Each structure stands twice: as structure tokens, then as C-alpha cells.
Amino acid sequence: MSWDWSFVVSILPDLLQGFRLTLLVTLLGAALAAVLGLGFALMRRSRHAWLARGTGFMLDAIRGTPLLVQLYFIFYVLPDIGIRLPALAAGVIGLGLHYATYAAEVYRGGIENVPRGQWEAARATNLTMRQTWVHVILPQAVPPMIPALANYLVAMFKETPLLSAITVLELMNQAKIVANTSYRYIEPMTLVGVIFLAVSLVSVVILRWLEARFGRRFRT
Amino acid sequence: MPAPIIRIDNLRKTFGALTVLDGLSFDVAPGEKLALIGPSGSGKTTILRILMTLESISGGHIEVCGEQLYHMPKGAALVPADEAHLHRMRRHIGMVFQHFNLFPHKSVLDNITLAPMLTKGEPRAKAEARAMELLDMVGLADKARAMPAQLSGGQKQRAAIARALALQPRIMLFDEVTSALDPELVEEVLLVMKRLAAETDMTMLLVTHEMGFAHEFADRVLFFDRGQIVEQGPPDRIFTAPSEPRTQAFLRKIIAAGHRV
């Protein structure tokens, strides 16, 4: 079997269309994970022990099961109880929910890393709770979170091929369709690998920069 | 004698099974400089933290500037204070911490102007002008734009003093403010506090292991042990002729450890 450049050119439009969808589910999933994660983090910090503990248990359960199983559940099992979701929505929810549990952990760590003395200084200078969060806690908690969150974004991007299992026409699924109709695997699969690698390499550079920029700020 | 600015009445504080303060009562007169001394674990710092509302109380009453701190009137009864009441009462009180607790993401100047701008609605220009006066007073006028991480320990603590002063509290609490400093940096902080004590009529409560400084600074010294006031009086008497064996033992130990009295 030899490499066929003209075949590459002919399948490229389909693959790029898949890649666009891959980017879309990554971005939507990340946005969902960022927001849901914050909600989970706050629930875990709740003063109500049952809520904090219940949330902790749920997060462990989600983190402790494979994303693929969760995707099957959302797309193939939920319809049994009357919840029918389009494949794209199911995929975004699956990714977002799964990575929200990791984001929650990052948020929690970031907030807990702000020393107790900062809360006390805010109180001693008579700031309100809201002012304390906005002006004292978050500006210190968020920057160290950024490299970790970006790391999960890249990890999530690389997990999007799992969505092909629930019929989302992202990059991997497009490549599979091309391969199955033409009986040629080498070009489509190589291209998928190359595209993911290209994005990952760029991401690594960005990550290193974020790490240097935000990783260890304000440590005295 | 004017009405006390702080009136502590039968104060109790427990941490779980541990009783730190058990029925403590004392008054502080307006403008008085009070030094709280005693072995660690005797409850001195807890008293300051309670006055700053950093801890809750387990029993008793505290009056600050004529109003209940942890209680508020509801009809004829007193009920536990809500956050709005605590927020209002905190205006009267400022605190300087052992570990400075400057906001590391803000310049020295912004550390000082943040609270006056947020809590009093002061315009930036006014807050900055006052901050510069305070920085001048603590000898840090040239560090206004520096970040806290660029300062020495002594400079950090002087900046923290300026931050607390910017809110113009009537009562200032100093919690072992030189304990975290290298020995050669202690003097510059004490100097600032001495000037402050001489130049203002602020009420000051000082928890310290610097007996020499307590001697010079305070109008009255309270010696604490196990959450109780064992002995109190003017510094000259406490430091030169303490009457209680526990005070004598404590001072002997401190002198043996190389602190001057």
C-alpha cells in the first residue's frame, strides 16, 4: 500500500469539515465544563454538609467512570426515560460534564491555596463578602488555575474522537466514513493523527507560555 | 473617668473541647495603650481576633464604642449580631497581623487605598493623597509603587500598619507584629508604633513578646495565663515588682531567653 497524494487532496475537505466540528464541540464542551465546574466547586464548599458530601460523591462517580460509557448513557440510555438529545448536544454535555469534575477540582484547589490571612485581612479592612471575592480572593486564585485549566482543555480536545461512537460527525468519524467507503485507511488515519498532533504541538507552546506567565505568581 | 471604649464582660471562647477564655472581663479606656502579655496559648491573640470579629464567641458580651459587638437589640431583647451589624461595627477597629497579610497582587499604594475606596466610597485622588501621607509617616513614601514581594519584612509590616490606619479606626489591634521579623528589622517597626502611640489618641491593644517595648509603650499591662488575667497594672510595677508568682516566673523565663525588659 502506497501513499496517494491525490486521494489526500480529495478527502481533505471532508476531514476539515470534521475538524471544524471537533473544534466546535471542544469549545462548547470547555465552556460548559468551566461553568458547571464552578457550580460544582461552590456546591462542594457549601455549608450544608449533605450538599457538600453529595456533590463530592457525584464528582467521584463521574471521574471514576469512562467518558465513553457516559456518552453511551447520555445518547442511548436517556431516550429510554424520554430524554432524547441530538448527537452533538449529547456529546457536548458528556464532555462538559466529565471535564467539569476536573475543573471543579482546579477551582477548589485555587481557592484553597489563597492563604487564610488574606480572608482575615479583607475582613479586618471591612470589605464585604462580595468585595473580598472580587478584589482579594479571585485575583489571587485564578491565575494559578489557568495552566491547569488549559491542560484539561487540550486533554478534552484529544478525547473528542470518542464522540464518533455516538454518531457525531467530528474529525475521527469523517475519517472512518472515508476509510470505510474507499477501503483506504492510511491516508485518512494519518491525516487525523497529523491534525491532532499539529494542534497539540501548538497547544504545548501556549501551555508553556501560560505556565511561565501565570504558574507561580505572587508567591512571596 | 470617661466611659470605656471597650467593655468585655464574662467572655467565653471554646474551640471544640478546649476552653480558651472562661469568663474574662476587662475594660479599656478611650486612648489607652494596653499591652497583653503572657505565655503562648494563654488566649491573648484570641482576644484580639474576637475583637476583630475573626472568631465567634461562645458566651458573654463585648461592647465597643457604646454598642454591643456580637449582639444587636431586637425589640427589648439582644439577639446575635448579623453580618450587617458586624460590618458596621468593624469600622471602629483595625488590625495589624503577625504575618502582615498584605494583598500580594496589589502595589503598596493600592493595598492602602483599596478599603477606603470600597468601604467608604472615597475618590481615588483623596484615598491616594491620604495613603501617601501615611506612607510618609511610616517611612515608605518611596515604596508606594512597589509590590509587597519586593519589600523586606519590616517594610511589609510598616505598609500593613499604614493600611490599617487608612480606615481611621478608633481602636487598633497589634497581634505580635514583630514576631515574624528578623531581629534587625524589629526596631524600625517598633519606632513607627512608638510615634503612633505618641501622636494619636487611638486606643491600642498590643499582644507582644517584646517586653521592653511593652514597658515603654503601654499605659497598662495585662498578664494572661490560661485565659485569665493573673495580674494587671502600670508597666513599671508589672515589670519591676510583679506580685504574682506566675508573672514573676514568666518574666524570669523571658529574661533568661534573652529578651530585655
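Numbered from 1 within each chain, the chains take letters A, B, ... in sequence-line order. Predicted model only: the values in this text are computed from it and were never measured.
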*Answer yes or no: does atom CZ of A/F73 have more than 12 heavy-atom neighbours from other residues, nucleotides or ligands under 6.0 Å?*
no

_B/N101 side-chain N/O to A/A121 backbone N/O, donor-acceptor pair under 3.5 Å_ = no

*Are the side chains of B/R90 and A/R123 in touch, meaning some heavy atoms are under 4.5 Å apart?*
yes

*asked:* For chain A, which candidate among B/A115, B/P169, B/A160, B/G94 shows the most heavy-atom pairs at distances under 4.5 Å?
replied: B/A115

*With a 4.5 Å heavy-atom cut-off, do A/L127 and B/L114 have their side chains touching?*
yes

*asked:* At a heavy-atom distance under 4.5 Å, which candidate from B/M95, B/R49, B/E83 has the highest pair count against chain A?
replied: B/R49

*Exceeds 12 heavy-atom contacts within 6.0 angstrom, atom NZ of B/K120*: yes

*More than 12 heavy atoms of other residues, nucleotides or ligands under 6.0 Å from CG of B/D82: is that the case?*
yes

*asked:* For B/K126, is the NZ atom crowded, meaning more than 12 foreign heavy atoms sit under 6.0 Å from it?
replied: no

*Crowding at CZ, A/R63 (>12 non-hydrogen neighbours, <6.0 Å)*: yes

*Region of B/L173 in contact with chain A, defined by heavy-atom distances below 4.5 Å*: neither

*When you look at A/T125 and B/F103, which way does the side chain to side chain contact (heavy atoms under 4.5 Å, CB included) test go after all the steps?*
CA-CA 11 Å; A/T125 50; B/F103 304 131; 4.2 Å; yes

_Using heavy-atom distances under 4.5 Å, tell me whether B/L118 contacts chain A through its side chain, its backbone, both, or neither._
both

_Minimum heavy-atom distance between B/H105 and A/H135, given as atom pair plus value_ = NE2-O, 2.8 Å

_B/R170 CZ: over 12 foreign heavy atoms closer than 6.0 Å_ = no

*asked:* Counting heavy-atom pairs under 4.5 Å with chain A, which one of B/R163, B/R91, B/H87, B/H99 comes out on top?
replied: B/H87

*Does a sphere of radius 6.0 Å around CZ in A/R116 hold more than 12 heavy atoms from other residues, nucleotides or ligands, not counting ones at 6.0 Å or beyond?*
no

